[in-house]
Amino acid sequence: MSDLIKEPASVLIFGASGDLTARKLMPALFQLSRDDFLPPKCPIIGVARRTKSDQQFRDEMREAVDEFSRTDHITDDEWKAFASRLYYVETDITEQQDYDDLKARVREIEQQADIEPNRVVYMATSPNLFLPAIENMASEGMIPGRDDENWLRVVFEKPFGTDLESAKDLTYQLSGKLSEDQIYRIDHYLGKETVQNILLFRCGNAIFEPLLNRNHVDHIQITMAEDQGMERGRGALYDSSGALRDVMQNHVLQLLCLIAMEPPALFRANDIRDEKLKVLQALRPATDNIDEWACRGQYGAGSHNGEPTLPFREEDRVDPDSNTETFVAMKVNVDNWRWAGVPFYLRTGKRLPQRVTEIAVQFKHPPLNLFTTVECEGDMCQMVEAQPNTLIFRIQPKESISLRVCTKRPGMQYQIHPVMMDFEYDESFDFDLPEAYERLLLDVLRGDSTLFTRSDELEAAWQFVTPVLKHWQKSGEAPPLYEGGTWGLAAAMDLMKNDGRAWRVPSPPR
Ligand SMILES: NC(=O)c1ccc[n+]([C@@H]2O[C@H](COP(=O)([O-])OP(=O)(O)OC[C@H]3O[C@@H](n4cnc5c(N)ncnc54)[C@H](OP(=O)(O)O)[C@@H]3O)[C@@H](O)[C@H]2O)c1
């Protein structure tokens, strides 16, 4: 067993028959078990309403792990070792009387495994069940206090609130039952290897950090694009949330924090989170003229891989009159000493031309264009001059870090040519990158909350986003349409064009 986890614990998954459990949690737990990161005795207990035996649960999880695991071929021995950890307890999370049985059964399983009641509870359910679950656990005495020897860590899936008020309210209500150090608000983006590498790259190399400020950086672009629409029945959930709440408020703002924050004095959870919080607090508040720096859109009909695609309003389980935005772009300012005057352009959306997440730091032009030439081919002539350096963190797919630099094109003249210096994970390291959920589950088991969002961070993010949300809700207008499969939306292009800049077209993965 790896020594990363000091104490054995059990993992309870509330919502164990759902999509997240099947696609992400079980494959991640299987991988951790297979790679020897889990203690030998670490029962995994599924909790949901549907009636099923332990064996049925194991069989269903085998199918899920076979389908979604990053391990290509799972041997029977590997599966047996993992399956022996799995149990299922039928429970209605909202019914207090079910917790008697749940508590007794969980304790029985732990005693069989000869472990203390140290527990991770993973809330893989809809957010309206978060509070009832915690209240019922508290009434049943399943929440240890500060002085207890045993511990409980509760992982909350997103969304944690739907605006500033509801997020504050949920935090307040939970705070009566759980202390902040028992709460792990997950943002799975932070579990991705490249995301963690942003900090390491910045603070583990002496050459880049001195350049990341207003003196050298022209602007930063963060793109989180998906080519998919509402596959796998996501329509209903997405229609009730939209791109601003689903992605911008959490994933995109977290990426912004990691690239913009000051290096912490120590690499400790709270030091890092303090620095991220300062970035969120420095965001220029969304008070006036929202339409000048934020825009939204909804995809209309379009195409994907040459096949026609439906408009959002015609997708499965989407309201045909929906005004939900499927695209958001913003120009935001981080009003602090380091970044004053450097715009951050953020965009996220569905049904865009490709699935890509990247942060691109565009540096300023060289102060003098020494090497300008005019190149002609037939009647066509173009001016060739130095292009600004760009540092690109590609978070998905094909994780990489690249730097665009200018070089001399071989030949008798001084002609300038941009080239990319690339670091690609799969070429430099000879092993599969762990899935984000593997890293995050391991962190919860070892009590490391660095990659989880603290309540003040969460509130600061909502504080920034909520006025935009309210502004759009108040307008009552339908978002402008963009053609599915395009980068679309003139307003988003104008955000850049008005500043004499342009969005990058991310290169397709090689
Ligand atoms: N799916 C994803 O990829 C994904 C990604 C990011 C975040 N999330 C978040 O993760 C959470 C779960 O998403 P999901 O897609 O897995 O949802 P889901 O497929 O609808 O699953 C919900 C689970 O909750 C259980 N459940 C519902 N009511 C219950 C009750 N009263 N008592 C006990 N169990 C109950 C359901 O099982 P029974 O019907 O058997 O009770 C089911 O196992 C949501 O907050 C979602 O926003 C999901």
Side-chain angles (χ1 to χ4, degrees), residues 11-29 44-53 56-57 60-61 64 67-68 86-99 101-103 105-106 121-137 140 142 154-162 166-167 170 174 183-192 224 226 228-243 245-252 254 316-317 348 350 355 357 396 435-437 440-441 444 452-453 458:
V11 178
L12 278 68
I13 302 178
F14 282 26
S17 46
D19 181 64
L20 183 72
T21 304
R23 284 192 318 110
K24 297 292 179 188
L25 304 183
M26 268 314 150
L29 287 164
I44 298 166
I45 305 165
V47 176
R49 287 172 303 186
R50 275 163 247 192
T51 305
K52 60 183 85 154
S53 64
Q56 272 172 303
F57 182 57
E60 284 173 17
M61 293 304 108
E67 186 174 355
F68 298 111
L86 300 182
Y87 301 88
Y88 181 81
V89 186
E90 182 188 326
T91 307
D92 187 329
I93 294 172
T94 59
E95 294 294 339
Q96 174 61 58
Q97 69 263 22
D98 285 11
Y99 283 69
D101 278 354
L102 176 66
K103 186 181 172 187
R105 181 82 180 107
V106 169
V121 171
Y122 199 114
M123 294 287 172
T125 61
S126 63
N128 61 333
L129 297 180
F130 293 171
L131 201 54
I134 296 303
E135 282 171 345
N136 286 332
M137 283 175 64
E140 197 57 40
M142 292 176 77
V154 187
V155 185
F156 291 96
E157 260 299 338
K158 72 165 193 183
F160 196 93
T162 52
S166 58
L170 184 54
L174 289 176
I183 297 177
Y184 287 67
R185 295 176 194 81
I186 201 163
D187 182 336
H188 72 270
Y189 251 78
L190 299 186
K192 289 182 185 288
M224 197 170 286
E226 287 180 55
Q228 303 271 300
M230 295 297 121
E231 287 77 2
R232 297 195 326 270
R234 283 216 70 207
L237 203 62
Y238 192 87
D239 194 17
S240 66
S241 112
R245 289 194 274 215
D246 193 48
V247 179
M248 186 64 80
Q249 178 273 337
N250 38 55
H251 308 322
V252 177
Q254 283 291 330
D316 184 25
R317 298 183 227 185
T348 182
K350 296 247 178 219
R355 173 176 171 260
T357 300
Q396 67 179 15
E435 283 286 328
Y437 279 92
L440 295 170
L441 281 162
V444 184
F452 295 81
T453 317
L458 179 90

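As the structure is a prediction and not an experimental result, all values here were calculated from the model. Order of listing sets the numbers, starting from 1, for every ligand and every atom in it.
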Run the contact test for Pro159 against ligand 1 with a 4.0 Å cut-off on heavy atoms, strictly below, and give the result. yes
Under-4.0 Å heavy-atom contact with ligand 1, by part of His188 that carries it: neither
From Asp187 CG over to Glu157 CD, what is the distance, rounded to the nearest 0.5 angstrom? 9.5 Å
Leu20 N/O to ligand 1 N/O under 3.5 Å: yes
In terms of side-chain heavy atoms, does Arg355 have a donor or acceptor partner in Gln228 at a distance below 3.5 Å? no
When you measure from the side chain of Asn136 to the backbone of Pro132, do you find a donor-acceptor pair of N or O atoms at a distance under 3.5 Å? yes
Polar-atom distance check: Tyr437 versus ligand 1, any N or O pair below 3.5 Å? no
Under 3.5 Å: N/O of Met123 near N/O of ligand 1: no
Ranking Thr125, Asp98, Leu129, Thr91 by closest non-hydrogen atom to atom 28 (N) of ligand 1, top hit is Leu129
Purely on distance, is any nitrogen or oxygen of Gly15 under 3.5 Å from one on ligand 1? yes
Within the structure, does Ile93 bring an N/O atom to less than 3.5 angstrom of an N/O atom in ligand 1? yes
Strictly less than 4.0 Å: does any protein heavy-atom distance to atom 20 (O) of ligand 1 fall in that range? no
Just by distance, with hydrogens left out, do Glu135 and Gln96 show a side-chain donor and acceptor under 3.5 Å apart? no
Parallel, tilted or perpendicular: which one describes the rings of Tyr184 and Phe452, with boundaries at 30° and 60°? perpendicular
Lys52 charged N/C atom sitting above Tyr88 aromatic ring, 6.0 Å / 45°: yes
Record the part of Val47 in heavy-atom contact with ligand 1 below 4.0 Å; permitted values are side chain, backbone, both and neither. neither
Any heavy atom of Arg50 under 4.0 Å from ligand 1? The part involved is both
Do Lys158 and His251 get their side chains close enough for a donor-acceptor pair, meaning under 3.5 Å? yes
Counting non-hydrogen protein atoms only, what is the nearest one to atom 46 (C) of ligand 1? Give residue, atom name and distance. Lys158 O, 3.7 Å
Give me the atom names and distance for the closest heavy-atom approach of Ala16 to Ala48. N-CB, 4.0 Å
Of the protein's non-hydrogen atoms, which lies at the shortest distance from atom 15 (O) of ligand 1, and what is that distance? Asp19 CB, 3.5 Å
Any donor-acceptor N/O pair, Arg185 side chain to Thr453 backbone, under 3.5 Å: yes
What residue and atom, counting heavy atoms only, is the protein's closest point to atom 27 (C) of ligand 1, and at what distance? Arg49 NH2, 3.5 Å
Is there at least one pair of N or O atoms, one from Ser126 and one from ligand 1, spaced under 3.5 Å apart? no
When you measure from the side chain of Thr125 to the backbone N and O of Gly15, does any donor-acceptor pair fall under 3.5 Å? no
Check each heavy atom of Ser17 against ligand 1 and say whether those closer than 4.0 Å belong to the side chain, the backbone, both or neither. both
Look at the side chain of Asp98 and the backbone N and O of Ile93, then say whether any donor-acceptor pair between them is shorter than 3.5 Å. no
Closest to atom 3 (O) of ligand 1 among protein heavy atoms sits Arg23 NH2, 2.6 Å
